S.K.: 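One structure, as structure tokens, below. Some questions next.
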Amino acid sequence: MQAKLQEQLSRADTEVILERLPERIRIALIARATEIEYPIEAVVEMAIASFLDTEALGFADCKPGRGQ
């Protein structure tokens, strides 16, 4: 049986990742998600992507309401 590839982290996968992170990092990610009003899944994805690719969409790009 072949595994289905997902383009985005699921809520369940995100919770597993968060549970395994040091508390200070988990708290910081949740706080950032709350601050920018993004789903925690997206914030975890951005954190991983910005680590792997410095040109990836990152936290600096997440400014809701910018340009209004």
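Just so it is clear, the structure is predicted and the values come from calculations on it, not from any experiment.
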S.K.: Which residues pass the side-chain contact (heavy atoms from CB on, under 4.5 Å) test with Arg20, sequence neighbours left out?
M.R.: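 Expected list: Val16.
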S.K.: Supply the atom-to-atom distance Gln8 CD to Glu41 CD, rounded to the nearest 0.5 angstrom.
M.R.: 9.0 Å
S.K.: So if I apply the side-chain contact (heavy atoms from CB on, under 4.5 Å) rule between Ile17 and each of Leu9, Ile40, Leu29, which one comes out positive?
M.R.: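 Testing each of Leu9, Ile40, Leu29 against Ile17, the sole residue satisfying side-chain contact (heavy atoms from CB on, under 4.5 Å) is Leu9.
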S.K.: Just jot down the side-chain contact (heavy atoms from CB on, under 4.5 Å) partners of Ile27, sequence neighbours excluded, or say none.
M.R.: Glu23
S.K.: To check you understand the geometry: which heavy-atom pair defines the closest contact between Glu19 and Arg26, and what is its length?
M.R.: O-NH1, 3.9 Å
S.K.: After noting the C-alpha distance and the side-chain angles of Thr14 and Val43, does the key distance pass the side-chain contact (heavy atoms from CB on, under 4.5 Å) rule?
M.R.: CA-CA 10 Å; Thr14 302; Val43 173; over 6 Å; no
